[in-house]
Amino acid sequence: MSEFLVRARGLTRRYQTPKSRLFGPRAYTTGLEDADLDVRVGSAVGIIGESGSGKSTLVRLLLALDTPTEGKVEFDGRPVDASAPARSLHWLRRRTGIVFQDPYASLDPRMSVGRIVGEPLWALGIDGDRRARVREVLEDVGLEAGMANRFPHEFSGGQRQRIALARAIVHRPGLLVGDEPLSALDVTVRAQILELLAELRARDGLTMLLVSHDIGVVQSLCDEVVVMKDGRIVEEGPTEKVLLQPQVSYTRRLLASIPVIDPGTV
Ligand code: ADP
Ligand code: MG
């Protein structure tokens, strides 16, 4: 096993704008430009940056949910080919899980919670007692096993995000990616889910990649931080260092614009 779970080199994604189909290939939006990233096995890396800076584009490319215009990604030393047929990416799907921001949009309302959570086990052909595993993972995220028979609309936003998290880890991935997984939740629920992420990390040794607006979240959970601006990684390093001694003015402005809640003062 490689020291790095994920390595990206020169990762670039340009989106063609509708106009470019008429006026030639030069009109495009840059989602990500020439990004290099190393994620150490067992580490938790936070990704911060203002809206539109390329955070979601980066994580989608790392998970082969999108195909880079240029550059490459390796997962545990193995090249990731996002343009390959879905079946040949099963190995990557088995080793990764993702939670998105919106716990309302991300769960299929017609499916029972048990089916939603267990779906990766069936889709990825993971053997064993799948129903038992679903019950187990529901308990791991602080829900009751009996909730498997219910439907998403019966749950609050925080509970739905627990369901989404259960689905993301049911197949025991090595890497959990969260794209603003806490942003839609109110403060109390956010703290509970944050604690849950920290527990899962400590217990299962999950490697984490966490996109967040909330510096407090990054500070409490992440060892390393990547700062993004206009599709580029402009600063990265150990969390303490980046948050306390930012080297670039953009990071300083970004940190100043985000209210940091000191738990000691509330
Ligand atoms: P963030 O997650 O940091 O808010 P994104 O990665 O979503 O940023 O977006 C980075 C840039 O790429 C933005 O300018 C955005 O408008 C553009 N972009 C993202 N997705 C698409 C898409 N599917 N089509 C066209 N442009 C996109
Ligand atoms: Mg985003």
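The structure displayed is predicted, hence computed values, not measured ones. Indexing begins at 1, ligand by ligand and atom by atom, following the structure's order.
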- Note on the structure: Close residues (non-hydrogen atom under 4.0 angstrom from ligand 1) work out to Tyr15, Thr29, Thr30, Gly31, Glu50, Ser51, Gly52, Ser53, Gly54, Lys55, Ser56, Thr57, Arg60
- Message: Within 45 degrees of the ring normal and closer than 6.0 Å to the centroid, is that where the cationic atom of Arg160 sits relative to Phe155?
- Response: no
- Message: Which residues pass the side chain to side chain contact (heavy atoms under 4.5 Å, CB included) test with Arg130, not counting sequence neighbours?
- Response: Leu121, Trp122, Asp127
- Task: Report yes if some heavy atom in the side chain of Phe4 is under 4.5 Å from a heavy atom in the side chain of Val41; otherwise report no.
- Result: no
- Query: Would you say the side-chain atoms of His171 pair up with the backbone N or O of Gly118, donor to acceptor, closer than 3.5 Å?
  - Reply: no
- Indicate if the distance from the Mg ion (ligand 2) to the nearest N, O or S atom of Thr57 falls below 2.8 Å. no
- Query: Who are the side chain to side chain contact (heavy atoms under 4.5 Å, CB included) partners of Ser56, not counting sequence neighbours?
  - Reply: Arg60, Asp179
- Message: The criterion is side chain to side chain contact (heavy atoms under 4.5 Å, CB included); which residues satisfy it with Arg201, sequence neighbours excluded?
- Response: Ala44, Met208, Asp223
